[in-house]
There are 2 protein chains.
Amino acid sequence: MHTNGDHVCFCPIKGVIDVISKKWALLIVNAIGNEGPLRFNKIMDALHSISPKTLSDTLKDLVAEGLLKRTSFAEIPPRVEYSLTKDGEDFRHAIIPLLEWAASRNNHCGRKCVPIYRSLSAHRIKRTERKF
Amino acid sequence: MHTNGDHVCFCPIKGVIDVISKKWALLIVNAIGNEGPLRFNKIMDALHSISPKTLSDTLKDLVAEGLLKRTSFAEIPPRVEYSLTKDGEDFRHAIIPLLEWAASRNNHCGRKCVPIYRSLSAHRIKRTERKF
DNA sequence: CGGTATCCGAACCGATACTG
DNA sequence: CAGTATCGGTTCGGATACCG
């Protein structure tokens with residue numbers, strides 16, 4: 001086992017599992033990928049029903065992983081934006097086939113789109129990113 | 001699949017997150033994808049340090065999701081094999097870019113493969129499946 | 001061989017209230 | 001606006017022992 005400060009890591013695939021296994025991580029990356037830099041409360045809206053604590057926790061993880069960048073502007077009222085890093089962009093493109101696959105299983109196990117989700121960009125993907 | 005203008009809905013993404021968020025699911029699918037049908041104890045070896053309970057739980061989930069097929073042979077001693085279904089094969093190919101991405105981050109956060117893991121096929125991708 | 005049964009601690013995640 | 005503090009419920013996953 002490889003240790004690095006307070007991190008304990010096995011190998012990269014374990015790292016990626018830690019990232020993607022978070023309930024909201026893929027949705028956040030996808031939402032920012034679709035819409036560009038987003039503010040905290042915009043992400044709250046985009047994800048629909050995530051709590052501020054959980055969003056805060058997940059954003060910190062994603063920033064720590066180097067997938068998101070947090071930019072705060074010295075304004076009143078304060079403004080903070082989250083955007084994808086280069087690594088985050090790469091990651092986002094790496095998960096697109098997985099999202100496509102998920103979409104193609106629409107009818108599996110009764111998992112269908114419900115209208116409230118259909119309107120949320122976090123649950124969709126820009127057609128310009130698709131190969132078909 | 002539900003479409004809406006230039007987006008496609010990814011409500012099923014919730015389903016896929018349930019699958020991939022399991023700690024060992026990607027490794028199991030990858031191992032069987034690399035090696036073909038595997039028996040219970042072979043998967044135990046391939047994953048190195050998973051407990052029988054956790055493996056059993058995860059296999060059941062993957063079978064229920066339609067990604068794996070469980071085949072038991074009426075022999076003494078008993079023999080059971082787990083193989084990828086068509087859906088499982090599709091899934092496996094859908095995650096390859098993600099695994100490639102993970103592998104390319106080798107040096108991020110000090111996450112490197114250590115020899116014991118490097119020798120486990122669950123942590124590798126068959127070169128014939130790779131595009132380069 | 002291919003699992004279960006049991007127990008347990010840790011991690012995850014939501015609700016709510018509050019703050020610089 | 002962009003979070004933090006607190007609490008508590010649920011799920012996850014590991015250790016170990018045992019079973020058909």
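The chains referred to below are lettered A, B, ... by the order of the sequence lines, with proteins before strands, and numbering in each begins at 1.
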Can you tell me if [X] touches the phosphate of [N], counting only side-chain N or O atoms and a distance under 4.0 Å to OP1 or OP2?
X       : N     : answer
A:Arg70 : D:dA2 : no
B:Ser56 : C:dG3 : no
A:Arg39 : D:dA2 : yes

So do [Y] and [X] actually touch side chain to side chain, heavy atoms under 4.5 Å?
X       : Y       : value
B:Leu55 : B:Met44 : yes
A:Phe40 : A:Val80 : no
B:Arg92 : B:Asn34 : yes

Distance, rounded to the nearest Å, where [X] contributes [atom1] and [N] contributes [atom2]:
X       : N      : atom1 : atom2 : value
A:Phe40 : C:dG20 : CZ    : P     : 17 Å
A:Leu27 : C:dC13 : CG    : P     : 12 Å
A:Ile50 : D:dA2  : CD1   : P     : 15 Å
B:Leu55 : C:dG2  : CG    : C1'   : 10 Å
A:Asn41 : D:dT4  : CG    : C1'   : 14 Å
B:Asp45 : C:dG3  : CG    : C1'   : 15 Å
A:Leu38 : D:dC1  : CG    : P     : 15 Å
A:Ile76 : C:dT19 : CD1   : P     : 19 Å

Could you tell me the separation between the [atom1] atom of [X] and the [atom2] atom of [Y], rounded to the nearest 0.5 Å?
X       : Y       : atom1 : atom2 : answer
A:Leu99 : A:Leu26 : CG    : CG    : 6.5 Å
B:Ile17 : A:Trp24 : CD1   : CH2   : 8.5 Å
B:Tyr82 : B:Thr71 : OH    : OG1   : 9.5 Å
A:Leu84 : A:Asn30 : CG    : CG    : 9.5 Å

- Item | Residues in side chain to side chain donor-acceptor pair (under 3.5 Å) contact with A:Asn41, at least two apart in sequence or another chain |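 Partners of A:Asn41 under the side chain to side chain donor-acceptor pair (under 3.5 Å) test: none.
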
- Message: B:Ser21: which residues meet the side chain to side chain donor-acceptor pair (under 3.5 Å) condition with it, sequence neighbours left out?
- Response: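 Side chain to side chain donor-acceptor pair (under 3.5 Å) check on B:Ser21 returns nothing, list empty.
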
- Item | End-to-end axis angle, where each axis spans five pairs of the helix from C:dC1-D:dG20 to C:dG20-D:dC1, to 10° |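 The helix from C:dC1-D:dG20 to C:dG20-D:dC1 shows an end-to-end axis angle of 60°.
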
Which protein N or O atoms sit under 3.5 Å from an N or O of nucleotides 6-13 of chain D?
unit_1: D:dG13; atom_1: OP1; unit_2: B:Lys23; atom_2: N; d: 2.8
unit_1: D:dG13; atom_1: N7; unit_2: B:Lys53; atom_2: NZ; d: 3.1

- Message: My understanding is that only one of B:Ile50, B:Ile28, B:Leu27 makes a side chain to side chain contact (heavy atoms under 4.5 Å, CB included) with B:Ile43; could you say which?
- Response: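 It is B:Ile28; the other options fail the test.
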
Could you list the protein-to-nucleotides 17-20 of chain D atom pairs, N/O on both sides, closer than 3.5 Å?
none

- Query: Which of the following nucleotides, D:dA2, D:dT4, C:dG14, is nearest to the side chain of A:Lys60?
  - Reply: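 Minimum distance to the A:Lys60 side chain belongs to D:dT4.
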
- So what does B:Tyr82 hit on the nucleic acid, given a heavy-atom distance under 4.0 Å: a base, only sugar-phosphate, or nothing?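 Sugar-phosphate contact only.
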
- Query: Are the side chain of A:Thr58 and the backbone of A:Thr54 linked by a donor-acceptor contact shorter than 3.5 Å?
  - Reply: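 Judged by distance alone, yes, a pair lies under 3.5 Å.
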
For residues 72-79 of chain B, which side-chain donor-acceptor pairs fall under 3.5 Å, sequence neighbours excluded?
unit_1: B:Glu75; atom_1: OE1; unit_2: B:Arg79; atom_2: NE; d: 3.2
unit_1: B:Glu75; atom_1: OE2; unit_2: B:Arg79; atom_2: NH2; d: 3.0
unit_1: B:Arg79; atom_1: NH1; unit_2: B:Glu81; atom_2: OE2; d: 3.1

